[in-house]
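Just so you know, ligand 1 is whichever comes first in the structure, and atom 1 is the first atom listed for that ligand. Quick caveat, the model's predicted, so the values are computed rather than measured.
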Amino acid sequence: MDGNKAPNVTGVDSPGRRTVSSLCGMCAVRCPIQVEVEDGRVVWIQGNPNDKAMETSLCAKGAAAIAFEYDDERPQYPLIRTGPRGSGQWRRAGWDEALDYIAEKLQAVIEKHGGKGIAFSDRGGPFTDLSKTFIKSLGSPNYFNHDCTCGRNAHHASKSLFGMGRTDLGMDIKNTKHLVLFGRNMIESLQVKEVKDFIGALSKGAKCTYIDVRATLTASKATRFWMIRPNTEYALNLAFINVVLGESLYDADFVNKWVVGLEELKAFVKDTTPEWAEKVTGVPAGEIRSAIREIAADRPRVIFHPGWMTARHRQSFYTSRTSHILNVLMGNIEQTGGLIISKGPGDYGVKGLNKLESRAPKVEDPRVDGVGTKFKHFDSGPGLLHLLFPALMSGDPYQVGAYFAYRHDPLTSLPDVEAMKEALDKLDLLVSIDVNYSETAWYSDVILPESTFLERGNVIAQKSGAKPNLQIRDQCISPRFDSRPAWWIFREILRRLGKGEALDFEDLEEIWRYQLEGTGVSLADLRAKGVIGLVSKEVRRDRDTGLGFKTKSGKIEFVSPVLAEAGLPQFAPFHEPEAKGAGEFNLVFGRVAYHNHAHTMNNPLLNELMSENALWINSAKAEDLGVADGDTIEVKANGYSAKGKVRLTEFIHPEAAFMVHGFGRTVPLQTRAFGKGIADQRLMKGKLTSYDPAGGGNNLTETVISVQKA
Ligand SMILES: Nc1nc2c(c(=O)[nH]1)N[C@H]1C(S)=C(S)[C@@H](COP(=O)(O)OP(=O)(O)OC[C@H]3O[C@@H](n4cnc5c(=O)[nH]c(N)nc54)[C@H](O)[C@@H]3O)O[C@H]1N2
Ligand SMILES: Nc1nc2c(c(=O)[nH]1)N[C@H]1C(S)=C(S)[C@@H](COP(=O)(O)OP(=O)(O)OC[C@H]3O[C@@H](n4cnc5c(=O)[nH]c(N)nc54)[C@H](O)[C@@H]3O)O[C@H]1N2
Ligand code: SF4
Ligand SMILES: [Mo]
């Protein structure tokens, strides 16, 4: 097929009214949805009622998908840069021209550095089989995702204990009796199914202890709220463990059977008493004691959330690790109302999807970020993207000459924009594949507009869980502009380089059929329902003999040989946060329910709900600074400064200043979002190479800012 025609799936252009089962794309949760299409136009979207947990629910962002689809302020055809990087000077190109341009540059990079000289990052998730096939076919080991700024610390913490990653242990929130959330703002930083389970559990009488530096909507639903000092919840966990072990509140049978290293843990927490933790965290010792006793009385139906945020600082790994240690002490593993080990089709003895990646030739070269070689304690899958930037600067261990950002905006989601740009300037080719003008797209050499999630299909997704299932994002309508789906873009680039075998499919339906072959699931059925379970009945693992941990010992390793080999402590001493002067705060960030990261700020409806962020600071501190609610303030950090609005509240810790992430957009073609609000990532100067040595994630919450009236 040539570049002139959009590769639609069968039936998309048929007239009249149709209902399409698909997956929402307004955030990375990708909820199952049903889309009503009338004469080629999307007229209604709701949750997919075939999915019991979803019912017909949708969040505000999902509902704003129609506004996104029919907005013209997004890339409409391929663009090739004509002026200097970031100057915003472009020429319109046809698909053949843009893809030829990319292929030619890639060929030169491959000749100079080999296939390994190409890097690729995306937003992780259930469709990455396609991304990995693309980059592997190019002969590169350098697949990255967003996770170094999201859940890597929690992921590695989980691996260090169970040998299983963060998504290998699901939370049975629906049936829990007590949920402990460390800055996990479940109501606003939301996933539709999880919110429903959470609210369902609360209405059945479950308790929730919520710990955050500020009061969120989740705090308002909680039975207990502690406004903790920023970056100190590790100390709180150590105090919890001190009481649990000191008062023998733990599940001794489970621990004796499954845990390695209890004695070492006991010795370590000997002095981390609630009284000690009170001095560090500000949470009263008496409350810490009574809370943990109350929680332990409900075990095993209790969950300590291992965190996403758990603040992103140099001890996040140990924070998340101790949250999981508390789960283990509560004996909640593979228990109703606790943590349930995720199972794939293989665990149930049924066949799952055929992988595209298995069709691509093996790559032997080491990763450019050193993950898997220099850093053996990190998971080599998606590596650590922040480590690509120093490698670009130094050429060590080798030079990377081309980089694809696909459904990913590193110039927004990694810290220190200027440091990243300096490194990106070393590239011969920077390509963004996006549905919006992201900050990275604007700095790229080529922007390839992907068709929106309503205008394209994706490869079929396989989800593990208590019961594994298959989910499909089907095409609802024809693209409005000259855009293409990613599978087509990748195939066309590979074909131009003579590396197309793995993606040598004529159309998406042929890919779908290849994926489904042997699974017993028919494409027609999957397209009709959207989600199909691969098994009917949930089966749990045997808690006496067969929990199947993937550690060296097969047990839960409080003392881990992986950490020992990396020269990392098993239990690190608590590290005090940086001291702050008058007018200084710890910058913390997060989300609101009606925006997603940085790609909904220009959405016509969501922009109306919130068009600008404000910096939350504590009212008493504001008085000292002579700042009143709504004032324009100047925020400074490490030589960068920005102006914005201030919001005063008693419900934030005096040492913290909070803002919603994603604002301060600089692309003029996004007229609603352009120049509105402050970009938190720009304030994080110097943090690009600052990360938790045990968890690998960026230290995003260690930025200290100063605030004054503008
Ligand atoms: N300072 C700071 N940094 C952060 C965070 C923070 O709060 N503050 N949050 C962190 C977290 S938790 C995360 S997960 C990351 C998220 O970081 P990113 O994944 O980079 O953020 P998103 O805005 O979700 O999406 C990135 C890009 O995907 C594009 N996109 C959306 N849908 C599609 C599509 O269908 N196709 C294509 N091709 N592109 C699409 C969007 O337009 C956007 O440009 O950021 C992290 N970094
Ligand atoms: N509406 C919406 N929902 C989303 C997303 C979105 O963009 N929009 N993104 C999704 C993604 S990718 C992710 S990773 C999740 C994130 O889910 P969460 O981690 O729950 O969400 P955040 O809003 O990033 O941060 C949560 C809270 O951490 C608090 N916090 C900051 N520092 C500290 C600290 O030192 N200690 C404690 N205890 N708390 C602290 C902040 O005040 C904030 O309220 O949300 C997901 N859901
Ligand atoms: S949480 Fe909302 S925006 Fe995200 S996928 Fe679900 S419905 Fe869409
Ligand atoms: Mo995230």
Checklist entry - Should we say atom CD of Gln76 is surrounded by more than 12 heavy atoms from elsewhere, each under 6.0 Å from it? => result yes
Checklist entry - Taking heavy atoms and a distance under 4.0 Å, where does Lys687 meet ligand 1: side chain, backbone, both or neither? => result neither
Next on the checklist: Here's one to test your reading of the geometry: is the NZ or CZ of Arg214 within 45 degrees of the ring axis of Trp616 and under 6.0 Å from its centre?
Outcome noted: yes
Checklist entry - Is the shortest N/O to N/O distance between Ile228 and ligand 2 below 3.5 Å? => result no
Checklist outcome for this item: When distances are taken from atom 34 (C) of ligand 1, the protein heavy atom at minimum range is Val435 CG1, 3.6 Å
Item to check | More than 12 heavy atoms of other groups within 6.0 Å of Glu650 CD | outcome: no
Checklist entry - Would Arg473 count as a contact of ligand 1 if the rule is a heavy atom under 4.0 Å away? => result no
Next on the checklist: Less than 4.0 Å is my threshold; does some heavy atom of Lys61 fall inside it relative to ligand 2?
Outcome noted: yes
Next on the checklist: Checking a contact table here: which protein heavy atom is nearest atom 43 (C) of ligand 1, and how many Å away?
Outcome noted: Asp434 OD2, 3.5 Å
Next on the checklist: Does any N or O of ligand 1 fall below 3.5 Å from an N or O anywhere on Arg407, backbone included?
Outcome noted: yes
Checklist entry - For ligand 2, which atoms sit closer than 4.0 Å to a heavy atom of Cys150? => result 14 (S)
Item to check | Residue and atom name of the nearest protein heavy atom (relative to atom 23 (O) of ligand 1), distance in Å to one decimal | outcome: His599 CD2, 3.2 Å
Checklist outcome for this item: For atom 20 (O) of ligand 1, the closest protein heavy atom turns out to be Asp409 N, 2.9 Å
Checklist entry - Think Lys61 forms a cation-pi with Tyr594, using NZ or CZ under 6.0 Å from the six-ring centre and within 45 degrees of its axis? => result no
Item to check | Nearest non-hydrogen protein atom, atom 7 (O) of ligand 1 | outcome: Phe589 CD1, 2.8 Å
Checklist entry - Taking the non-hydrogen atoms of Ala28, is any one of them nearer than 4.0 angstrom to ligand 1? => result no
Next on the checklist: Please work out, at 4.0 Å between heavy atoms, whether the side chain, the backbone, both, or neither of Val29 comes within that distance of ligand 2.
Outcome noted: neither
Checklist outcome for this item: Counting heavy atoms under 4.0 Å, the part of Thr216 that contacts ligand 2 is side chain
Checklist entry - With side chains defined as the heavy atoms from C-beta onward, is the minimum distance between Arg229 and Val213 less than 4.5 Å? => result no
Checklist entry - Of all the atoms in ligand 1, which lie at a distance below 4.0 Å from a heavy atom belonging to Ser438? => result 44 (O)
Checklist entry - Is it the side chain (CB and beyond), the backbone, both or neither of Val588 that lies under 4.0 Å from ligand 2, heavy atoms counted? => result side chain
Next on the checklist: I'd like to check which ligand 2 atoms, numbered from 1 as shown, lie under 4.0 Å from a non-hydrogen atom of Pro230.
Outcome noted: 35 (O)
Checklist entry - So which heavy atom on Val192 is nearest to which on Met54, and how close? => result CG1-CE, 3.8 Å
Next on the checklist: Which residue and atom name correspond to the protein heavy atom nearest atom 13 (C) of ligand 1, and how close is it?
Outcome noted: His597 CE1, 3.2 Å
Next on the checklist: Using heavy atoms and a 4.0 Å limit, tell me yes or no: is Arg591 in contact with ligand 1?
Outcome noted: yes
Item to check | ligand 2 versus Ser189: contacting region, heavy-atom distance under 4.0 Å | outcome: both
Item to check | Any Met684 heavy atom less than 4.0 Å to ligand 1 | outcome: yes
Next on the checklist: Show me which atoms of ligand 2 lie under 4.0 Å from any heavy atom of Glu188.
Outcome noted: 1 (N), 2 (C), 3 (N)
Checklist entry - Do any N/O atoms on His146 end up under 3.5 angstrom from N/O atoms on ligand 1? => result no
Checklist entry - With a 4.0 Å heavy-atom cut-off (strictly under), which part of Arg184 contacts ligand 2: side chain, backbone, both or neither? => result both
Next on the checklist: Taking distance alone, with N or O pairs closer than 3.5 Å, would you say Thr701 contacts ligand 2?
Outcome noted: no
Checklist entry - Considering distance alone, does some N or O of Leu414 sit under 3.5 Å from an N or O of ligand 1? => result no
Checklist entry - Should the heavy atoms of other residues, nucleotides or ligands under 6.0 Å from NZ of Lys221 be counted, would the total exceed 12? => result no
Next on the checklist: At less than 4.0 angstrom from any non-hydrogen atom of Val592, what atoms of ligand 2 do you find?
Outcome noted: 1 (N), 2 (C), 8 (N)
Checklist entry - According to the salt bridge (Lys or Arg N to Asp or Glu O under 4.0 Å) rule, which pairs have a member within residues 403-415, sequence neighbours left out? => result Asp409-Arg665
Checklist outcome for this item: Asn231 heavy atoms within 4.0 Å reach ligand 2 at atoms 34 (C), 35 (O)
Next on the checklist: Apply side chain to side chain contact (heavy atoms under 4.5 Å, CB included) to residues Lys636 and Ile705 and explain how you reach the verdict.
Outcome noted: CA-CA 6 Å; Lys636 285 191 194 159; Ile705 57 169; over 6 Å; no
Checklist entry - Quick one: which of Arg682, His408, Arg312 has a heavy atom closest to atom 27 (C) of ligand 1? => result His408
Checklist entry - Applying a strict 4.0 Å limit to heavy atoms, is Ala593 in contact with ligand 2? => result yes
Item to check | Geometric cation-pi criterion, Arg74 with Phe68: 6.0 Å, 45° | outcome: yes
Next on the checklist: If the cut-off is 4.0 Å to any non-hydrogen atom of Gly590, which atoms of ligand 2 fall inside it?
Outcome noted: 22 (P), 23 (O), 24 (O)
Checklist entry - To which of Ile211, Val192, Asp212 does the heavy atom nearest atom 41 (C) of ligand 2 belong? => result Asp212
Checklist outcome for this item: Closest heavy-atom pair, Ile102 versus Phe404, reported as atoms and distance to 0.1 Å, is CG2-CZ, 3.9 Å
Checklist entry - Is there a side-chain hydrogen bond (donor to acceptor under 3.5 Å, both in side chains) between Asp212 and Tyr210 once you walk through the steps? => result CA-CA 7 Å; Asp212 198 313; Tyr210 183 71; 2.5 Å; yes
Checklist outcome for this item: Going by the 4.0 angstrom heavy-atom rule, the piece of Glu233 near ligand 2 is side chain
Item to check | Proximal ligand 2 atoms for Arg123, defined as those under 4.0 Å from one of its heavy atoms | outcome: 12 (S)
Checklist entry - Considering distance alone, does some N or O of Ser451 sit under 3.5 Å from an N or O of ligand 1? => result no
Item to check | Closest to atom 3 (N) of ligand 1 among Gln681, His661, Arg74 (heavy-atom distance) | outcome: His661
Item to check | Listed partners of Phe120 passing ring pair (Phe, Tyr, Trp, His ring centres under 6.0 Å), at least two apart | outcome: Phe134, Phe490
Checklist entry - At under 4.0 Å between heavy atoms, which part of His595 makes contact with ligand 2: side chain, backbone, both or neither? => result backbone
Checklist entry - Among protein heavy atoms, which sits nearest to atom 1 (N) of ligand 1, and what does the distance come to when rounded to 0.1 Å? => result Asp680 OD2, 3.0 Å
Next on the checklist: One residue to check: Trp308. Relative to ligand 1, which of side chain, backbone, both or neither has a non-hydrogen atom less than 4.0 Å away?
Outcome noted: neither
Next on the checklist: So, taking the atom named CD in Gln315 and the one named CG in Asn231, what distance separates them when rounded to the nearest 0.5 Å?
Outcome noted: 9.5 Å
Item to check | Thr232 to ligand 2, any heavy atom closer than 4.0 Å | outcome: no
Checklist outcome for this item: Ranked by distance from atom 36 (N) of ligand 1, the top protein heavy atom is Glu450 OE1, 2.8 Å
Item to check | Ligand-residue contact atoms, ligand 2 with Arg214, heavy atoms, under 4.0 Å | outcome: 41 (C), 42 (O), 43 (C), 44 (O)
Checklist entry - So how far is it from Arg473 CZ to Ser22 OG, rounded to the nearest 0.5 Å? => result 6.0 Å
Item to check | Worked verdict on Ser690 versus Asn698 for side-chain hydrogen bond (donor to acceptor under 3.5 Å, both in side chains) | outcome: CA-CA 6 Å; Ser690 164; Asn698 280 100; over 6 Å; no
